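To keep things clear, I will list the structure first and then write my remarks on it.
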Amino acid sequence: MLFGNVFPIQPFWGDQEAIIFFNVRLPRIVLAMLVGCCLAAAGAAYQGTFQNPLVSPDILGASQGAALGAAIAILLGFTSFGVSVLAFVLAIGTVLLVVLVSQAARGNQVLTVVLAGVMVSSLAAAGVSFAKLVADPADQLPAITYWLMGSLTSASLSDIKMVIVPMVAGLVVLFVLRWRINILTMGDEEASTMGVNTKRLRLIIILAATLITAASVAVTGIIGWVGLVIPHLSRMLIGSDYRKLMPASMLMGASFLLLVDDFSRLLTTAEIPIGILTAFIGAPFFLYLITKQGRR
Amino acid sequence: MSVRVEHLGFSYGAHQVLHDISFEVDEGTLVNVLGPNGTGKSTLFRCILGLNHSYSGKIFVNGKDISKLSIRERAREMSFIPQSHKPVYDYAVLDVVLMSSGAGSGAFFSPKKAHIDRAYEALERVGIGFLAERPYTHISGGEQQLVLIARALAQNASTIIMDEPTSALDYGNTVRVLSCVRQLAEDGFTIIQSTHQPDQAFLYADKTLVLHEGDVLAYGPPKETISAELISKIYGVDVEVNSLYDDKVRVCVPLRELERK
């Protein structure tokens, strides 16, 4: 069908099939791949800039910030477009807050960023809980809960149009800066004596990674673990060099989320939200990672 | 004149670490900085490297005031060899050496064939070319230190600052690393290196800079600088300085142990 638009192939499919393919299936496939690519790339970038293999896009509060935005939007009765926008805005806002707080604090920057992220996240989580408390249990509460679980069910062309620009922009930035992330993992002072403006580089990478995380979370809800697990799998396969690791994470993230989304659609008759599936895969993997690191 | 420090002072808050440090280092000279812990050796290095900003006085490297240079420009003038430490992620030795190759270039730089050749060359020069493909965390501490020296060489700066490069190494590796450093000085690099061992200064250094309580206590060729009185003053132990092999080398021996024997 895809080629039918370009090449003169005699259609052997009906109009209805074409509509389903172009308006439902194709946007969902594209979005699954985009989101998987973004979350994995952001995770790889965060793990490099914070020199910590256990951080993920959730650590900076992007996910919880987005959740708070979505919960507020649902409470106020916004459309799904409004929900996405507010989720996006609050995700960026949360990360900015985290970065500002950590820069105001003295001491080890890597540590303060992570700590500030945890604190601001829990603040946003409290806000989400409060929103759930006051939500109308008949329709708003299920909507919030379902959004929090993360799903690609509602993927549409307009979703893609909304996020494609920030996503591609953020991915391109991470891609061109990928070799510099290697140097950043050696520590700020060493990197600085090798000619790297560490403060500026770290800020740019965090902003780009957050932009693509926020864009992903805004359209799909919270899909956890991808940003943690995929960079690690890639690292096991091709090593730590970010010149190869960044593109590998992007490709594996895209394939992984597409695969998991297929399972979420087909595993049972009713669709399972994809966030649940990624958690089922991710959490055990995380535990495996911890025990493996301990043994080394 | 490769490095010139004029009236350098630095304090952490109310605690003044460096008072009034002045010295000059000629090109192709290996200077050993000697002094007890907490006397400001690392602080001095951090100032020269541009990691400490709010110092008083002036520091010139290759005639350029380093406070007026950008991070990138500073990296072109001098490189830094830290003590070897375990990185979070495991890189191939060659990738570690390559990290310095973008020192003078823009943000979108990525190493090209020429930089990879230069990195191999640097590894050969310190005698560990055969390790290029090995994972950095799987080689010995001495080899890691040599990799960091190769990385500094690949940075292509004429001045090299080293902070206690051998403090965590065993005897064999210490000798190998220091002899490699000595060779670099013969080849024309200017090297400023801190150490805890006066004997190392006698063996390897052209000049010794003795720091004591934030001031320069003495500065000159090791044989003229390091005396029993000086060691006693800065370290609080009494030693005898002995001359060996027609005064080719000198060693410090603690007096107490001599009396015991």
Side-chain angles (χ1 to χ4, degrees), chain A residues 44-55 106 110 114 172-205 208 231-232 234-247 249 292-293 296, chain B residues 13 42 45-46 48-52 69-92 94-112 115 133 135-138 148 151-152 154-157 159-163:
Chain A
Y46 286 141
Q47 285 171 12
T49 45
F50 295 120
Q51 301 151 42
N52 185 341
L54 298 182
V55 302
R106 288 184 147 270
V110 171
V114 173
V172 166
V173 169
L174 293 184
F175 189 80
V176 296
L177 289 177
R178 67 195 188 284
W179 178 72
R180 297 251 147 185
I181 302 178
N182 276 351
I183 310 177
L184 218 46
T185 65
M186 298 306 278
D188 275 20
E189 297 196 336
E190 239 178 281
S192 162
T193 62
M194 288 187 273
V196 175
N197 188 336
T198 50
K199 265 196 175 149
R200 198 177 61 194
L201 181 64
R202 170 166 292 129
L203 189 69
I204 292 172
I205 292 172
H232 274 286
S234 312
R235 204 171 276 126
M236 284 173 187
L237 282 176
I238 52 114
S240 301
D241 182 4
Y242 270 88
R243 277 178 295 170
K244 296 179 221 148
L245 181 63
M246 188 57 81
S249 295
K292 189 180 152 243
Q293 280 204 331
R296 243 201 311 187
Chain B
S42 296
F45 285 3
R46 291 175 52 87
I48 297 176
L49 287 165
L51 299 172
N52 284 343
L69 298 181
S70 70
I71 292 173
R72 201 180 294 165
E73 288 165 334
R74 273 203 299 270
R76 266 182 229 145
E77 304 299 335
M78 59 187 155
S79 54
F80 173 58
I81 302 175
Q83 290 178 30
S84 67
H85 58 89
K86 205 178 169 211
V88 186
Y89 303 110
D90 206 0
Y91 297 104
L94 185 68
D95 288 333
V96 175
V97 177
L98 275 175
M99 285 181 189
S100 70
S101 62
S105 315
F108 300 143
F109 173 86
S110 189
K112 311 277 176 322
H115 303 102
E133 316 297 332
Y136 180 72
T137 53
H138 292 193
L148 295 180
R151 188 179 72 183
Q155 191 166 327
N156 243 358
T159 301
I160 302 177
I161 313 279
M162 310 176 83
D163 200 0

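Nothing here was measured: the structure is a model prediction, and the numbers come from that model. Naming: A, B, ... by sequence-line order, numbering from 1 per chain.
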**Message:** What part of A/Arg178 gets within 4.5 angstrom of chain B, counting heavy atoms only: side chain, backbone, both, or neither?
**Reply:** neither
**Asked** B/Leu98 versus chain A, heavy atoms under 4.5 Å apart: side chain, backbone, both or neither?
**Response** both
**Prompt:** B/Ile81, B/Ile71, B/Leu49: which one forms the most heavy-atom pairs within less than 4.5 Å of chain A?
**Reply:** B/Ile71
**Message:** To the closest 0.5 Å, what do you measure between OG1 (A/Thr49) and CD1 (A/Ile205)?
**Reply:** 6.0 Å
**Closest contact, heavy atoms only, B/Tyr89 versus A/Gly48** = OH-N, 4.1 Å
**Prompt:** Counting heavy-atom pairs under 4.5 Å to chain A, which of B/Arg46, B/Glu73, B/Arg151 comes out on top?
**Reply:** B/Arg151
**Request:** Nearest 0.5 Å please: distance from the CE atom of A/Met246 over to the CD1 atom of A/Ile181.
**Result:** 4.0 Å
**Message:** We want to know whether A/Tyr242 and A/Thr185 form a side-chain donor-acceptor pair, criterion being a heavy-atom distance below 3.5 angstrom.
**Reply:** no
